[in-house]
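So the structure is just underneath, and the comments pick up after that.
Throughout, residue positions are numbered sequentially from 1 according to the sequence presented.
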Amino acid sequence: LTGRWEHLNEKTIPLLKKIACRFLLIGVEVGDEQLRREVLSRKQTDRLMLERASILRQHKILYGLYTMVGVPQETLSKALKTVKLSARLTRNPLIGHHSIFYPFEGTPLYDECEQKNILSERWVGSYFTDTRLDMDYFPRKQILWAHKNFRRYCILYWLVFRLPVFLSTMLERKLDARWYGKAKTLT
């Protein structure tokens, strides 16, 4: 099943359990609340998702996350927010669906990409392999690198966030530096 965070709550989650739902895929999309709200028109907050994930875990319902990188107005630092939020939300960072944003013709986001002149002529066969967008503030090479390394960093942050605070804070800063250091060379 697929679900939306705003529909999951103390009443609906037990009903899912009652009908023998064992697994859900739920859209996070991106980890930056402003980007999620203003560009993707998704209203769920980080706090809401974290609360609902906790209820799912209490009821022992497994779930995976839909995430993506390369959304218009996204930057390398906003992509890292998606990695970190995913690491905080999930019980298993190996389960999920991570893609590269693809502007489908006829949608408002496609029109926005055309208006901002960030839509390339490049043919993309799959939203798992490349981006149609050419954004100065988030170059194609960085988008592809962030996509390719998403799961690796999600696992690393997932492990770090389970450590005592004094240790996790230090290691989080080191991982942040590594993320930016590796990706910034790809302009």
Quiz item: Going through the checks in order, is the side-chain hydrogen bond (donor to acceptor under 3.5 Å, both in side chains) test met by Q73 and E112?
Solution: CA-CA 11 Å; Q73 302 177 32; E112 179 184 326; 3.3 Å; yes
Self-check item: Contacts of Y110 that satisfy ring pair (Phe, Tyr, Trp, His ring centres under 6.0 Å) - sequence neighbours left out
Solution: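 Applying ring pair (Phe, Tyr, Trp, His ring centres under 6.0 Å) to Y110 gives none.
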Quiz item: Got a sec, which residues hit ring pair (Phe, Tyr, Trp, His ring centres under 6.0 Å) with F161, two or more places apart in sequence or on another chain?
Solution: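 Listed in chain order: Y157.
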Self-check item: Verdict with reasoning, I118 to Y137, per side chain to side chain contact (heavy atoms under 4.5 Å, CB included)
Solution: CA-CA 11 Å; I118 59 173; Y137 47 88; 4.1 Å; yes
Quiz item: With a 4.0 Å cut-off, would you call D46 and R36 a salt bridge?
Solution: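 So D46 pairs with R36 through a salt bridge.
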Quiz item: Should E6 and R52 count as an ion pair when the cut-off is N to O under 4.0 Å?
Solution: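 Result for this pair is no, no salt bridge flagged.
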Set of residues satisfying side chain to side chain donor-acceptor pair (under 3.5 Å) with respect to [X], sequence neighbours excluded:
X    : value
E105 : none
Y153 : none
R151 : none

Side-chain donor-acceptor pairs of residues 14-26 under 3.5 Å, sequence neighbours excluded:
{"unit_1": "K17", "atom_1": "NZ", "unit_2": "H59", "atom_2": "O", "d": "2.9"}

Non-hydrogen side-chain atoms of [X] and [Y] separated by less than 4.5 Å:
X    : Y    : result
L109 : F101 : yes
K81  : E33  : no
R122 : T131 : yes
D32  : T82  : no

Practice problem: Evaluate the side chain to side chain contact (heavy atoms under 4.5 Å, CB included) criterion for residues T67 and V30: first the C-alpha distance (whole Å), next the side-chain angles of each, then the deciding distance (0.1 Å), finally the verdict. | Solution: CA-CA 6 Å; T67 55; V30 295; over 6 Å; no
Quiz item: What's the verdict on salt bridge (charged side-chain N to carboxylate O under 4.0 Å, His left out) for E121 and R132, showing C-alpha distance, side-chain angles and the deciding distance?
Solution: CA-CA 7 Å; E121 295 296 321; R132 286 254 348 249; 5.5 Å; no
Quiz item: So Y63 and R57, side-chain hydrogen bond (donor to acceptor under 3.5 Å, both in side chains) or not? Walk me through it.
Solution: CA-CA 9 Å; Y63 58 94; R57 285 192 296 273; 2.7 Å; yes
Exercise. Might you confirm whether atom CZ of R47 has over 12 heavy atoms from other residues, nucleotides or ligands at distances under 6.0 Å?
Key: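 Check fails, neighbour count at 12 or below.
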Quiz item: Which one of V160, L156, D176 satisfies the side-chain contact (heavy atoms from CB on, under 4.5 Å) criterion with L171?
Solution: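 It is V160, the one option of V160, L156, D176 that forms the side-chain contact (heavy atoms from CB on, under 4.5 Å) with L171.
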Quiz prompt | The single option from K148, R140, H147 passing side-chain contact (heavy atoms from CB on, under 4.5 Å) against I100 | solution =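 For I100, the side-chain contact (heavy atoms from CB on, under 4.5 Å) test succeeds with only one of K148, R140, H147, which is H147.
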Self-check item: Whether Y127 and Y102 hold their rings parallel, tilted or perpendicular, with breakpoints at 30° and 60°
Solution: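 The arrangement is tilted - the two ring planes meet at 30° to 60°.
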Quiz item: Do any N or O atoms from the side chain of T129 and from the backbone of S126 form a donor-acceptor pair under 3.5 angstrom?
Solution: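 Yes, because the side chain of T129 sits within donor-acceptor range (under 3.5 Å) of the backbone of S126.
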Quiz item: Judged by atom type as modelled, is there a donor-acceptor pair below 3.5 Å linking the side chain of T90 to the main-chain atoms of A87?
Solution: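 Pair absent, no side-chain N/O of T90 close to backbone of A87.
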